[in-house]
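See below for the structure under consideration.
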Amino acid sequence: MGLFKRVLTRRNLAVIVIGVLLAGIPLVVADLWIGAMIDRQGQAEVVAVAKRAVGLAEMRVDQVIGALDALAVDKGAACREDHVMAMRRAAFATMPIKEISVVASDGTTLCTDLDLPLGKRNELSREPLHGADGHWLDVLVLENGERMIRLRRKPGADGNSIAALVPTVVLLPQVANQGGKFNGGARISTSAGSVITAVGQSTPADAGRFTERVVSGKYGFIADSWMPRAPFFAEQTDLKWLGAYIAAAIILTLLGSRVLLPRRVENDPISDLKRALKAGEFVPYYQPIVDIRSGQLRGAEVLVRWRKPDGSLVFPGAFIPLAESSGLIRAMTCDLMRKVCVEAGAVLGQRPGLKISFNFAGKLFSDATIVKDVRSIFANTPIKLSQVVLEVTERDPIENFTETRQIIAALQGLGVRIAIDDVGTGHSGLSYMLKLGVDIIKIDKMFVDAIGTDRNSTTIVETLVDLAHNMRMDVVAEGVENFEQVTHLRELGIRSAQGYVFAPPLPGSAFLQLVEAIDPIQGAEAVEPKEAA
Ligand code: C2E
Ligand code: CA
Ligand code: CA
């Protein structure tokens, strides 16, 4: 009570009032200004998203119609072998196409370019494609739930038409304009109003403060985009509360009280990653890749681990997504490559036949300066660029196809080889990925698990292997866990495999010992493994 009386003197009360006024005025002004800025930015964001959506959809549909027209002039619509070959060539040459097929008048698929078993296709809508005489646009859902559009040419005399399936995900930008996660939603529909696909939050009507609709001049596509105002309100409310706290802090400072010193909590996961990167806590593990015919070692895939100071090991699934979204992935990947050069350079350099693979996030293929980085990291190390393989996963959507293809070509120009990882699991479709001109395909564990038990998967793997061999690509099977699978893979003509049946990802020292043991260099002294810096 005594303390209370001492604090609440008339002079102190005046100080409190002045403090509130001093702290409050700038906060009110700042609040208004920030509110107006948020409005402008929010509206600009949704406008840009809708415009990008229309541009993307028009471009993709242009490409597909061009391919279908060329094919129809050449061959009409039939399931003869020569025609199926022509369809296959057209599907490979045209980026967004996942499959070309011949479709009967009732919508039944008669044959496809890939000779794969036909899954059920659920037709959601069909309508003439606005602005493109003689073409139809159907929206379908495949058995696995994937949504597709089917662009069809006008049927011939037999009632059959030639059609291309295109995954709807390639018709709508999947990220915000700045490249991060879009905080709202977007939808693209046909001119007749059938929804083709949507991304993000699905509540445009929910008092969405920012909304935009753009209609395509060419094919009549309608792109809607929206962004809720709610998160911004929340931020603004925070701001007002922050204002009250600051006012209180000013008052208390004026009063000379030391009770409420602002405490900063350092608990930001991105700062954590940065700190760990600086401290060298990301280390390479190596999973051997084995020749399943001869049993020889072909190389290894580098898989990153976060070794914390307390000795615990964190797996990549827990931090790679954040490293990618925060932009740290490039520094992390380069750091990993440097560590491999230090730790395994001598051993790999003595065995030029061994390959060393690195996982390259899709993002790394959007900046051409990565080519220089790769060259300089391996320059003056015993590892030759012809030993290096970079894996790009089919799971990451490719934002800019032309640029990615150029960067891949530049890397291949250095002698580096490019692999597609997780084949069969991504959205893009294999034919799309193959147009990147890669050297190796890695068949995902999902298919390896199903070989021998599931006929569809076995056929898919057979087709992949055929395709790879025709296109002079190597095939690596991933996630091989037992010898029965090894036998099946061998029968299918696959040569390289990795998986727990041979070895799990190993720490550097164990991997180097393994290499020395199974692939000794005659007459050479054993190389002392260096610990990565
Ligand atoms: P991934 O590239 O598909 O790597 C294969 C994953 O399967 C690895 O998981 C590996 O430990 C695991 N694996 C290998 N053989 C078997 C098996 O026989 N059975 C089973 N069940 N699993 C097996 P890990 O190390 O947890 O890596 C997960 C993913 O994290 C990788 O998948 C890759 O996409 C990503 N990743 C790892 N290191 C890096 C990196 O340096 N950069 C980037 N961008 N991504 C990385
Ligand atoms: Ca990989
Ligand atoms: Ca994989």
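Counting convention: from 1, in listed order, for ligands and their atoms alike.
With 3.0 Å as the limit, Glu391 does not count as an N, O or S neighbour of the Ca ion (ligand 3).
Here the side chains of Leu514 and Pro288 are in contact, with some heavy-atom distance below 4.5 Å.
Look at Lys442 and you'll find every heavy atom at least 4.0 Å from all atoms of ligand 1. Ligand 1 lies nowhere less than 4.0 angstrom from a heavy atom belonging to Thr393. Distances shorter than 4.0 angstrom do not occur between any heavy atom of Gln498 and any atom of ligand 1.
Taking a cutoff of 4.0 Å between a charged side-chain nitrogen and a carboxylate oxygen, Lys442 and Glu394 do not qualify as a salt bridge. Between Glu281 and Arg275 there is a salt bridge, with a side-chain nitrogen of the basic residue lying less than 4.0 Å from a carboxylate oxygen of the acidic one.
Under 4.0 angstrom from ligand 1, there are no non-hydrogen atoms of Met332.
Relative ring orientation between Trp306 and Phe282 is described as tilted, the plane-to-plane angle lying within the 30° to 60° band.
Among the atoms of Val304, some N or O lies under 3.5 angstrom from an N or O of ligand 1.
For the Ca ion (ligand 2), the nearest N, O or S atom contributed by Asp421 is named OD2.
A donor and an acceptor atom, one from each side chain of Arg330 and Thr369, are located under 3.5 Å apart.
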